[in-house]
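Heads up, the thing below is written out as structure tokens.
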Amino acid sequence: MSLIPNFFGGRRTNVFDPFSLDVWDPLKDFPFPNSLSASFPEFSRENSAFVSTRVDWKETPEAHVFKADIPGLKKEEVKVQIEDDRVLQISGERNVEKEDKNDTWHRVERSSGKFMRRFRLPENAKVDQVKASMENGVLTVTVPKEEAEKSDVKTIQISG
């Protein structure tokens, strides 16, 4: 067991290692829906690498804009989907770099594995007009908004 933690890279999988990222789930192999992996998918080994994928969501007068930091991924390795009519899902995977037996690793900090983030979109989102682009490791998803109906304001006279 190493005394140096390896938080990124997923090369260590030992439940007895205090620096391992694996969370032991005693019910993992049973078909119970309430096991730790089902209740908290972010703790599963596949998702442990990008659990902290950061996403900003801002609302402008015209659209909802999501920006996700996913450095090192190509646009082919990222999926943007609309599920269940109003759920935006951003997912992808970074593969582990091939290890050569002759290589000596001094530090492994870049993470690998799968990631997934989901956002429930508001009623005013035009889900059929979503656009996505990627530049310099930042994914930008733009969801246009429907124009809010302007209600007529009627002034009521106060008697008395």
Hey, are the side chains of [X] and [Y] touching, using non-hydrogen atoms and a 4.5 Å cut-off?
X      : Y      : value
His106 : Thr104 : yes
Lys145 : Glu59  : yes
Met116 : Arg118 : yes
Thr142 : Phe66  : no
Ile82  : Val87  : no
Val127 : Arg86  : yes
Lys79  : Gln89  : no
Trp57  : His64  : yes

Could you tell me the separation between the [atom1] atom of [X] and the [atom2] atom of [Y], rounded to the nearest 0.5 Å?
X      : Y     : atom1 : atom2 : result
Leu121 : Leu88 : CG    : CG    : 5.5 Å
Glu93  : Ile70 : CD    : CD1   : 13.0 Å
Asn136 : Asp69 : CG    : CG    : 11.0 Å
Leu139 : Lys75 : CG    : NZ    : 11.5 Å

Quick check: are there more than 12 heavy atoms from other residues, nucleotides or ligands sitting under 6.0 Å from CD of Glu76? yes
Neighbour count above 12 (heavy atom, 6.0 Å) for Glu135 CD: no
Can any side-chain N or O of Gln129 pair as donor or acceptor with the backbone N or O of Lys126 at less than 3.5 Å? no
Test item: Arg117 side-chain N/O and Ala68 main-chain N/O as donor-acceptor pair under 3.5 Å: no
Taking salt bridge (charged side-chain N to carboxylate O under 4.0 Å, His left out) as the definition, give me every residue that meets it alongside Glu62, ordered by chain and number, with sequence neighbours left out. none
